[in-house]
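A short worksheet on the structure shown next.
Throughout, residue positions are numbered sequentially from 1 according to the sequence presented. Whatever order the structure lists ligands and atoms in, that order sets their numbers, starting from 1.
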Amino acid sequence: MTRVLDDLLRKTLPEPRLDLIRRVADEASALKMPIYIVGGFVRDLVLGRDGLDFDLVVEGNAIALAHSLASKYGGKVTAHEKFGTAKIDIREWMLESSKANEDYSLVSIDLISSRSETYKHPAALPTVKMGSIEDDIRRRDFTINTLAVRLDGPHFGELRDDLGGLDDLEKKIIRVLHERSFNDDPTRMYRAVRYEQRYGFKIADETLALIPEARALVDKLSAQRIRHELDLILEEPHVASLLARLAELDLLKPIHAALSFDDAARQRLDKANFSPDYSVQHLTPANLRWLLWLINLSEKQIESVNKRLHFTSILYNALAASSNLLFSLSSFVDLKPSQCVTQLDEFPPFSIYAVSLAAPTGKSKENLEKYLTEWRHIKPKTTGHDLKKLGIEPGPKYQEILWTLRAAWLDGKVANGQEEESLLKSIL
Ligand code: ATP
């Protein structure tokens, strides 16, 4: 019997999104194109987990549907003929909608023509051909991601479960669709572990048994593909158990020999849950977790891992800086505040934050914390502008004078504007 999720859909989706879906579905209906939400959204809907992002798959020409919608409601269409996909800018729609102003987070929707995917060789990018909804379901990674809900006309809410996804969701099992799945796309091994740990599911034994053969193919994945998977992993709440599981399944070393996960790394990552109550530039959860995971690698190892993963330059510099700083931490014990600041001003603040979390309790850790909360913000009252007014010729001298004043504040040698002024006079 067909299960119908129309009530669940209505209860779960906010009205503006339902309104949007109705418009798209009505247009698809008029063009006689069945349209479905497929994948993660349906999985999470059945699991009762909140999720708002959906992938709309059309059995037919998604680009034609997009143009038809745009001529009715407006909005720019960006089409990719080769993949049969279209993105429509829907900002105008939301403004016109009677349910407007409730949901501005959605600015565009993606329409995808159902397709089949084949792989010319292991770990290759897929060759895409237009196909039926059955084909589209069969190109997916795991049974739990094959559920589809139909949206057009009287079919609204009908659940399509071709490959036993519902059963596996109930049994809490991650299962690939066929034996070549990991060979076709080795990133799926990482996705399997991500879902397993996120939902507390189990990877099916037959699926686990496919890992040893596919492990060697990880090497063939581009930097961008494997790093994307690791980025997604580092955004998950259970990041430590996830990395531990990847290490247990021997899926870290095939990416790069320097990647591992042990108790010390787990303890560091556990601290990533505390966020500071002061602002630190570039401190995203994923960035911080990258630093805490890899902080004890040497600079050389980080350089080598970067060759494999192509970090952004911000992250790469921060990784190298954190590793350096952690290594030289003991030298911060006996320094005056101004001496600490001279050195720490050279490091990105989010590296310093990561090291302050990773450092053992003690004077060095305290100094890093003081730098982040107080010292980095301490500046003299005098500015370059004031020096100019005093008739000092602009040049490198300015830096020297201002630094002397800042150092005096940092080391407690001046405590108010008057003392700063006298110090300035004595310098001049
Ligand atoms: P998440 O909650 O992590 O965002 P999601 O299921 O929405 O999960 P996406 O990465 O957005 O994940 O992918 C959308 C859908 O595309 C998946 O549900 C899955 O069906 C399919 N998919 C994604 N990556 C792959 C892959 N490597 N191989 C096969 N199918 C994939």
Closest candidate by heavy atom, reference atom 29 (C) of ligand 1, pool Val176, Asp141, Ile144: Asp141
Would you say ligand 1 has an N or O under 3.5 Å from any N or O of Asp55? no
By side chain to side chain contact (heavy atoms under 4.5 Å, CB included) - contacts of Glu117 (at least two apart): Arg115, Tyr119, Pro126, Val128, Arg139
Phe41 to ligand 1, any heavy atom closer than 4.0 Å: no
Sub-4.0 Å atoms of ligand 1 with respect to non-hydrogen atoms of Arg194: 3 (O)
Yes or no, since that's all I need: does a protein heavy atom fall within a distance strictly under 4.0 Å of atom 11 (O) of ligand 1? no
Sub-3.5 Å donor-acceptor pair from the side chain of Glu59 to the main-chain atoms of Ile133, do we have one? yes
Check each heavy atom of Arg138 against ligand 1 and say whether those closer than 4.0 Å belong to the side chain, the backbone, both or neither. neither
Looking only at protein heavy atoms, identify the closest one to atom 13 (O) of ligand 1 and say how far it is in Å. Arg191 NH2, 3.8 Å
What I want to know is whether Arg43 and ligand 1 share at least one N or O pair that is separated by under 3.5 angstrom. yes
Ignoring hydrogens and angles, tell me if any N or O in the side chain of Asp411 forms a donor-acceptor pair with the backbone of Ser338 under 3.5 Å. yes
Could you tell me whether the side chain of Thr207 and the main chain of Ile203 form a donor-acceptor pair under 3.5 Å? no
Which label fits Tyr199 and Phe201: parallel for a plane angle under 30°, tilted from 30 to 60°, or perpendicular past 60°? tilted
Please check if the side chain of Ser114 supplies one atom and the backbone of Asp136 the other of a donor-acceptor pair under 3.5 Å. no
Numbering the atoms of ligand 1 from 1, which are under 4.0 Å from a heavy atom of Gly39? 18 (O)
When distances are taken from atom 5 (P) of ligand 1, the protein heavy atom at minimum range is Tyr195 OH, 3.7 Å
Ignoring hydrogens and geometry, is there a side-chain-to-backbone donor-acceptor pair from Asp44 to Arg49 under 3.5 Å? no
Within the 4.0 Å heavy-atom shell around Thr187, which atoms of ligand 1 are there? 27 (N)
Numbered atoms of ligand 1 (with element) below 4.0 Å of Arg139, judged on heavy atoms: 29 (C), 30 (N)
If only atom types and distance count, is the side chain of His256 paired as donor or acceptor with the main-chain N or O of Ala258 below 3.5 Å? yes
Would you mind checking which non-hydrogen protein atom is closest to atom 18 (O) of ligand 1, with the distance to 0.1 Å? Gly40 N, 3.1 Å
heavy-atom search around atom 28 (N) of ligand 1 in the protein gives Arg188 NE, 2.8 Å
Side chain or backbone of Asp185 under 4.0 Å from ligand 1, or both, or neither, by non-hydrogen atoms? side chain
Between Ala28 and Ile35, the two heavy atoms sitting closest are CB-CG2, 3.8 Å
Just checking, is any N or O donor in the side chain of Ser181 or Arg188 under 3.5 Å from an acceptor N or O on the other one? yes
So which heavy atom in the protein is nearest atom 1 (P) of ligand 1, and how far is it from that ligand atom? Arg198 NH2, 3.6 Å
With nothing but distance in play, are any N or O atoms of Arg140 less than 3.5 Å from an N or O of ligand 1? yes
Check: Tyr190 side chain, Leu251 main-chain N or O, donor-acceptor pair, under 3.5 Å: yes
Within the 4.0 Å heavy-atom cut-off, what Phe54 brings close to ligand 1 is neither
